[in-house]
Amino acid sequence: MREVAVGLLGVGTVGGGVWELLQKNGDLIKNKSGIDIRVLKVAEKDGGRKKTLGISDEVFTEDPMEVLNHPDIDIVVELIGGTTVAKELILSAVDKKKHIVTANKALLAQHGVEIFDRVLKKEVEIGFEASVGGGIPIIKTIREALVGNRITKIIGILNGTSNFILTKMTKEGIDFARALEEARALGFAEADPYLDISGGDARHKITILSSFAFNTVINHDSVYMEGIDGIDIKDIAYAEEFGFVTKLLAVAQISDRGILVKVHPTLVSKENPLAAVLWEDNAVMVESDFLGTSMYYGKGAGARPTASAIVADIADIAGRILSRGEYNSKRYAFFSDLPQVSFEKNKARYYFRFNVLDRPGILSKIAGVLGENRISIASVIQKETEEKFEHVPLVMMTHDAVEEDVRRAMETIDSFPEVESESRIIRVLVD
Ligand code: HSE
């Protein structure tokens, strides 16, 4: 039996899942892959985890350097998270010629170029399947199953917490704050849930995914991001009347100008399969030239799904190092140099909600500004409200429009005295 020795950095929720999976399914992995994955060292600062997980004194340590300096360890699995200590440990492990498996999306999105560079220089391997889409094998799919395809577009529901909150608001009519409380109680929100609701977590994931789908460096900070914290249940309800559901989508799309990568709340037609992705589930739709449209669906968070992806990476890397083939220097290299297109040039249909005085001429005044900015209205709903309210919601769907034109129009409309508070806009997915 071929053996591979592993060291774990961190056995919190996800690391604990990896430990459990290897205890429970180690024999199955041996039978399926012919590889015996042996955990030689586990470094964890919370001493209580030793007892909870039943880790022996010989294997457990509080010092990560014992993992990095262990001469027999081939693969270091980083599950500490964060972008400071984790980065130092990964780079130091690479320098010691250890192979890496990590779920650290923030680190790879922000410092991926440096890490992949070092990995290539030291001729080691890095697995990061668990960084995007939890247990869904989407990284392997785009790099291996779709190797013969030119990918043109990726649309992902990549943040389980946001998807849970939006599903809860839609199905139960409860407001954002209450839905967030419930998501946190279920435990799949990030330690700082602002990362989930601001779109930050989805931005990390689409940065990594699109870099490998389009084989180009994506600048994380230039990826447009808008979260779900501004979504009102009123907008979810009006959008439903137009036949749409509200989702937080992460999209990367290629055009003649380059690549546009963005994360924002989006109205998705009820007919689109993405509309059926509910609660904390994730999904990724990929458009490519030979396969066409394909979709990948599953659990995007949680100890067990994430552990499933990590162990697959360990087995994959173990298979590669044990077969002692020539090192593939193309594996983590970005050979395309695509410019990143500014979100101002984004083209979409739009949903607008204005809160306006119910007076003659207001609708035509707003329509006039939209027309001057090349924005064509597709449909309008005006709701009657009780007489005690002076303002009424005026809701519109547009045909295709360009973001910079929409922003200009909104600035003018929001300055009208008849329009109360900032108008709401939500972009619509064009199928
Ligand atoms: N907070 C993340 C989510 C966990 O809700 O999707 C998985 O990355």
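As the structure lists them, so they are numbered: ligands from 1, and atoms in each ligand from 1. No experiment lies behind these values; they were computed from the predicted model shown.
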Practice prompt. Classify the side-chain pair Asn355/Glu420 by whether it contains a donor and acceptor separated by less than 3.5 Å.
Written response: yes

Item to complete: Kindly write out the residues that satisfy side chain to side chain donor-acceptor pair (under 3.5 Å) with Lys30, not counting sequence neighbours, or none if the list is empty.
Response: Asp27

Practice prompt. Go through the steps for Asp414 and Ser423 under the test side chain to side chain donor-acceptor pair (under 3.5 Å), then give the verdict.
Written response: CA-CA 7 Å; Asp414 283 343; Ser423 308; 2.5 Å; yes

Discussion item. With side chain to side chain donor-acceptor pair (under 3.5 Å) as the criterion, how do Glu125 and Tyr327 come out once you've worked through the C-alpha distance, each side chain's angles and the decisive distance to 0.1 Å?
Written reply: CA-CA 9 Å; Glu125 305 288 348; Tyr327 185 71; 5.1 Å; no

Fill in: salt bridge (Lys or Arg N to Asp or Glu O under 4.0 Å) between Glu144 and Arg331, intermediate numbers included
CA-CA 11 Å; Glu144 296 179 19; Arg331 206 171 157 79; 3.6 Å; yes

Discussion item. Which residue is it: Phe244, Tyr350, Phe352? I am looking for the one with a side-chain contact (heavy atoms from CB on, under 4.5 Å) to Met397.
Written reply: Phe244

Once you restrict both partners to nitrogen or oxygen, which atoms of ligand 1 have a protein partner under 3.5 Å, and how far apart are they?
{"from": "ligand 1", "atom 1": "1 (N)", "to": "Phe188", "atom 2": "O", "distance (Å)": "3.0"}
{"from": "ligand 1", "atom 1": "1 (N)", "to": "Glu190", "atom 2": "OE2", "distance (Å)": "2.6"}
{"from": "ligand 1", "atom 1": "1 (N)", "to": "Asp196", "atom 2": "OD1", "distance (Å)": "2.7"}
{"from": "ligand 1", "atom 1": "5 (O)", "to": "Asn159", "atom 2": "ND2", "distance (Å)": "3.4"}
{"from": "ligand 1", "atom 1": "5 (O)", "to": "Gly160", "atom 2": "N", "distance (Å)": "3.3"}
{"from": "ligand 1", "atom 1": "5 (O)", "to": "Thr161", "atom 2": "N", "distance (Å)": "2.9"}
{"from": "ligand 1", "atom 1": "5 (O)", "to": "Thr161", "atom 2": "OG1", "distance (Å)": "2.6"}
{"from": "ligand 1", "atom 1": "5 (O)", "to": "Phe188", "atom 2": "O", "distance (Å)": "3.4"}
{"from": "ligand 1", "atom 1": "5 (O)", "to": "Asp196", "atom 2": "OD1", "distance (Å)": "3.4"}
{"from": "ligand 1", "atom 1": "6 (O)", "to": "Gly160", "atom 2": "N", "distance (Å)": "2.7"}
{"from": "ligand 1", "atom 1": "6 (O)", "to": "Lys205", "atom 2": "NZ", "distance (Å)": "3.3"}
{"from": "ligand 1", "atom 1": "8 (O)", "to": "Lys105", "atom 2": "NZ", "distance (Å)": "2.5"}
{"from": "ligand 1", "atom 1": "8 (O)", "to": "Lys205", "atom 2": "NZ", "distance (Å)": "2.8"}

